[in-house]
Engineer: 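Can you keep this structure in mind? I'll have questions shortly.
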Amino acid sequence: MDNPLKKTCLHDLHVGLGAKMSPFAGFDMPIQYSGIIDEHNAVRHAVGVFDVSHMGEIFVSGPDAESFVNYVFTNDIRPMVPGQILYGMMLYHDGGTVDDLLVYKEFEPQHYLLVVNASNVDKDYAWLREQSEAFDVRLDDQSEAWGQIAVQGPGAETAVKDLLGFPEAANIAFYNFLDLERDGVRVILSRTGYTGEDGFEIYAAPDFIRACWQKLMDGGVKPCGLGCRDTLRFEAGLPLYGDELTADISPVMAGLGMFCKLDKPEFIGKSALEEQKSLGVARKLVGIELEDKAVPRNGYPVELEDGFEVGVVTTGYHSISLEKSLCFALVDSAYAALGTPLWVRVRKRSFPGIVVKKRFYQTKYKK
Amino acid sequence: MSKIAEGLLYSESHEWVRVDGNVAIIGVSDFAQAEMGDITYVEMPDVDDEVSAGEDFGALESVKTSSELVAPVSGRVVARNDELEDKPELINEDAYEAWIIKVEMSDKSELDKLMNAAAYTNIAG
């Protein structure tokens, strides 16, 4: 399996900007341009733009589209109105996570857009096909046909209105979108993101996305790489598939039960989640704040004072915005309560910490 | 293209050594700091700790990764650069100015295993 790396429609522009490139989810992606700290701070205090063209776009339509999506998705899409977006997961029957995703309810009846993680597009599409046999639906993986950028930060609305010429952006509420046409090109403009700040994600054909990127560069918006995308989402308490959600980590374990509606009709994984909720789960995802500057990393052991291992770090950083060492960790449920003292082993030493809320940073979404 | 300072010795794990009599002044190369990105934390041994050639004596943390510091020579730590505690970014600014520790060498022949600047160019050029 030595496939050549794929390139997004903005690849040559990243290289031209001098970005540090690295493989991610089968794509050659920009990790950073000016530096992770500089880019992170631009998004927190001004505005930055990310190339997220690697994300997957799977369209679902047909007479059974609503009931099918509701059957494979943990959240309840029935109350959705056109132009609305819902976050949730697709699960295996045992409650393990196939992927976490956004469902867009389009303006045409029985039309949905599923935006999935780049690393999971093929797996998700195969999973959806397999589950769809009893449903009258059409599945269409259009991931290759769409470019996508995320404009994020307190200055995002102004940038999208003034630099990209979308005055209607001001009227889009958080987790809503508009389906527009510009110069004959279909544009999906949604008020979403993965940073804990206000922001927009723009989906369109590659040429249109390239033109948008160029306008943002000319307007002084900072190009941001996957490096700070991870530090930003981490501080905002948002999970990354592969670290905080996996085939072995259910949303209940990850503390994402609020996105799983157990009061809706049958969906895949429902009975497993009901069991997990009533019997409890062996491990839970927690946030840990360390007293020291040592940085916990994925895979480092979490221990009690006597060195007994009770868990493992899934993501950790010396937080840029909060200036302290923080991590997410999957720990034995007995040690998951807020305020529990836990130690994280960083190389040869264990550093003391305390269980805190996973949303380390106060998010600033526009409601 | 990273900078390689003349007159220093280099290890394969990208530490540099400036020899001052019996003392080895140790830091990391410009290539290493560029690979790491913004350095946020330097874990250092205490003065009087013993370090052994080929074994780690501390670590660098950047936003994205951790990297162990490997001792190019053996001996006793006689000084450490405490300025790096509050200003780890000094390594990014000038990797050859921001030394990390000074070691009183127990076996100067270990220096023979290190590379000169020209040889190091082959792995970090």
Side-chain angles (χ1 to χ4, degrees), chain A residues 18-24 29-44 224-235 240 243 290-300 313 315-327 344-351, chain B residues 1-3 13-15 28-46 48-52 54-71 77 80-95 98 100-101 124-125:
Chain A
K20 188 181 272 187
M21 307 293 290
S22 190
F24 180 82
M29 295 296 288
I31 300 303
Q32 62 172 65
Y33 307 80
S34 57
I36 294 177
I37 295 174
D38 184 53
E39 294 163 29
H40 178 108
N41 286 329
V43 172
R44 286 277 180 258
C224 295
L226 294 184
C228 79
R229 186 166 156 85
D230 203 55
T231 57
L232 289 159
R233 70 91 191 169
F234 167 75
E235 288 180 351
L240 173 65
D243 288 339
L290 294 191
E291 285 173 21
D292 200 88
K293 274 185 169 179
V295 187
R297 306 283 184 188
N298 178 282
Y300 287 8
V313 172
T315 302
Y317 284 108
H318 188 75
S319 161
I320 296 168
S321 296
L322 302 159
E323 298 187 325
K324 48 195 174 191
S325 286
L326 301 167
C327 67
V344 178
R345 177 162 286 271
V346 179
R347 291 176 291 277
K348 289 170 187 162
R349 282 175 60 198
S350 290
F351 294 89
Chain B
M1 181 96 185
S2 69
K3 238 173 44 184
S13 48
H14 307 291
E15 288 82 13
V28 297
S29 72
D30 188 53
F31 176 83
Q33 72 76 21
E35 283 290 298
M36 294 282 297
D38 300 327
I39 292 168
T40 55
Y41 181 67
V42 186
E43 188 184 293
M44 292 178 279
D46 293 322
D48 285 338
D49 282 0
E50 294 286 331
V51 300
S52 306
E55 290 182 19
D56 65 275
F57 67 85
L60 296 181
E61 301 272 10
S62 70
V63 176
K64 200 72 198 152
T65 56
S66 304
S67 177
E68 288 184 345
L69 292 163
V70 179
V77 178
R80 61 178 219 175
N81 188 353
D82 286 329
E83 208 184 352
L84 297 176
E85 294 214 317
D86 292 327
K87 293 182 180 168
E89 66 274 14
L90 291 174
I91 295 177
N92 294 116
E93 288 164 16
D94 187 345
I100 298 170
I101 56 169

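To find a chain, count down the sequence lines: A is the first, B the second, and so on, and within it residues start at 1.
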Engineer: For B:E61 and A:R347, work out which heavy atoms get closest and say how close.
Structural biologist: OE2-NH2, 3.1 Å
Engineer: Heavy-atom distance under 4.5 Å to chain B: side chain of A:Y300, backbone, both or neither?
Structural biologist: side chain
Engineer: Using non-hydrogen atoms only, which part of B:E89 is less than 4.5 Å away from chain A: side chain, backbone, both, or neither?
Structural biologist: neither
Engineer: Which distance, rounded to the nearest 0.5 Å, do you find between the OH of A:Y317 and the OG of B:S62?
Structural biologist: 9.5 Å
Engineer: Is A:D230 in contact with chain B via its backbone, its side chain, both, or neither, using a 4.5 Å heavy-atom distance?
Structural biologist: side chain
Engineer: When rounded to the nearest 0.5 angstrom, what is the spacing between NZ in A:K20 and CD in B:E35?
Structural biologist: 5.5 Å
Engineer: Could you check which of A:G316, A:A294, A:S325 has the highest count of heavy-atom pairs closer than 4.5 Å to chain B?
Structural biologist: A:A294
Engineer: Which one, A:K348, A:K293, A:Q32, leads in non-hydrogen pairs under 4.5 Å with chain B?
Structural biologist: A:K293
Engineer: How long is the straight-line distance from CG of B:D38 back to CD1 of A:I320, given to the nearest 0.5 Å?
Structural biologist: 7.5 Å
Engineer: Using the side chain to side chain contact (heavy atoms under 4.5 Å, CB included) definition, which of the options A:I36, A:L226, A:T231 pairs with B:K64?
Structural biologist: A:I36
Engineer: Mind checking what makes ring pair (Phe, Tyr, Trp, His ring centres under 6.0 Å) contact with B:Y41, not counting sequence neighbours?
Structural biologist: none
Engineer: How far apart are the closest heavy atoms of B:S66 and A:R297, and which atoms are they?
Structural biologist: OG-NE, 2.8 Å
Engineer: So do the side chains of B:V63 and A:H40 get within less than 4.5 Å of each other, counting heavy atoms only?
Structural biologist: no
Engineer: With sequence neighbours excluded, tell me which residues meet side-chain hydrogen bond (donor to acceptor under 3.5 Å, both in side chains) with A:S319.
Structural biologist: A:E235
